[in-house]
Participant: 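I am attaching a structure below and will ask some questions about it afterwards.
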Protein chains: 2
Amino acid sequence: MTRNKVNYAFIEDDSKRKISYNKRLKGLLKKYDELKTLCDVEVATVIYGPYRNEPYTFPNNDVVRSTFIKFKEFPTLKRSKNMVTREEFTMQRIKKLEEQLQKVRKENRVKEMTNEML
Amino acid sequence: MTRNKVNYAFIEDDSKRKISYNKRLKGLLKKYDELKTLCDVEVATVIYGPYRNEPYTFPNNDVVRSTFIKFKEFPTLKRSKNMVTREEFTMQRIKKLEEQLQKVRKENRVKEMTNEML
DNA sequence: CCATCTATCTATAATGA
DNA sequence: TTCATTATAGATAGATG
């Protein structure tokens, strides 16, 4: 997301992808830490990256384990459906926003080109 | 992180905290989706926020469940220690960087004030 | 409350060492 | 390859509707 616009697709180039992965993982962990600090939420994350067999955990293994045990012990099913729905809703919203953004950008590019031609 | 500098401490004001939480949660999910798309990593997250009893899951309940089963089935212990260490290392690094940044900013402020006085 | 805007801060792709 | 720098895209606090 900088210098050049990011094309949101799999990064084919191995070294570029690895660099991006490491930077973004760091960024993600920072965001997590911020959310935890600012809003006092409990978070557990497991990331299976392409460069190690072991997953990467946040904030650490023990919290992940206990959080997951807690997660598992919930009654489930109806709640489960709600969560998936909410997640899908959010992702759809994000996707829609990105599409709108790209559209606006494209329009602006066309405008600029047209102006240059006049 | 904008308009005003963010003080990285618990946000006391309830409504501000809630607004911030919602915005940042959305941002975090977007970052996840990007990482998944750009680098093809498997991610599972559970967030216990302050506004619902049920945890918020990403990308969805089923993936979280299966990821955690996979996570649990690992041999553990020695690997566990490494992960915590790596996580702590990363967070320390981030903290150090933030401190450096704040220091530089403070220095700049002092410089500006001194210049104004001359 | 929720959506939109925008000024500003932050994250990060590309580059250089 | 990893570390630091820099220029730009992206995220977001506060304001407004």
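Each chain gets a letter, A, B and so on, in the order the sequences are listed, and its residues count up from 1.
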Participant: Return the value, rounded to whole Å, for the distance between atom OH of A:Tyr51 and atom C1' of D:dT2.
Facilitator: 15 Å
Participant: Nearest-Å distance, CG (B:Asn22) to C1' (D:dA11)?
Facilitator: 15 Å
Participant: Please report the distance, rounded to the nearest Å, between NZ in A:Lys26 and P in D:dC3.
Facilitator: 10 Å
Participant: Hey, would you say the A:Tyr56 and A:Tyr48 ring centroids sit under 6.0 Å apart?
Facilitator: no
Participant: Determine whether a donor-acceptor pair (N or O, by modelled atom type, separation under 3.5 Å) exists between the side chain of B:Arg24 and the backbone of A:Leu35.
Facilitator: no
Participant: Provide, to the nearest angstrom, the distance between the CG atom belonging to A:Asp14 and the C1' atom belonging to C:dA13.
Facilitator: 17 Å
Participant: Please tabulate the protein-to-nucleotide N/O contacts below 3.5 Å involving nucleotides 14-17 of chain C, giving atom names and distances.
Facilitator:
from   : atom 1 : to      : atom 2 : distance (Å)
C:dA14 : N6     : A:Lys23 : NZ     : 3.1

Participant: Based on the rotation axes of five pairs at each end, what angle does the helix from C:dC2-D:dG17 to C:dA17-D:dT2 bend through, to 10°?
Facilitator: 20°
Participant: Can you check salt bridge (charged side-chain N to carboxylate O under 4.0 Å, His left out) on B:Asp33 and B:Lys30, steps first, answer last?
Facilitator: CA-CA 5 Å; B:Asp33 204 55; B:Lys30 185 160 181 283; over 6 Å; no
Participant: May I have the distance from B:Leu29 (atom CG) to D:dT12 (atom P), rounded to whole angstrom?
Facilitator: 11 Å
Participant: How is A:Ser20 classified with respect to the nucleic acid when contacts are heavy atoms under 4.0 Å: base, sugar-phosphate, or nothing?
Facilitator: sugar-phosphate
Participant: Report the distance from atom NZ of B:Lys30 to atom P of C:dA11, rounded to the nearest whole Å.
Facilitator: 14 Å
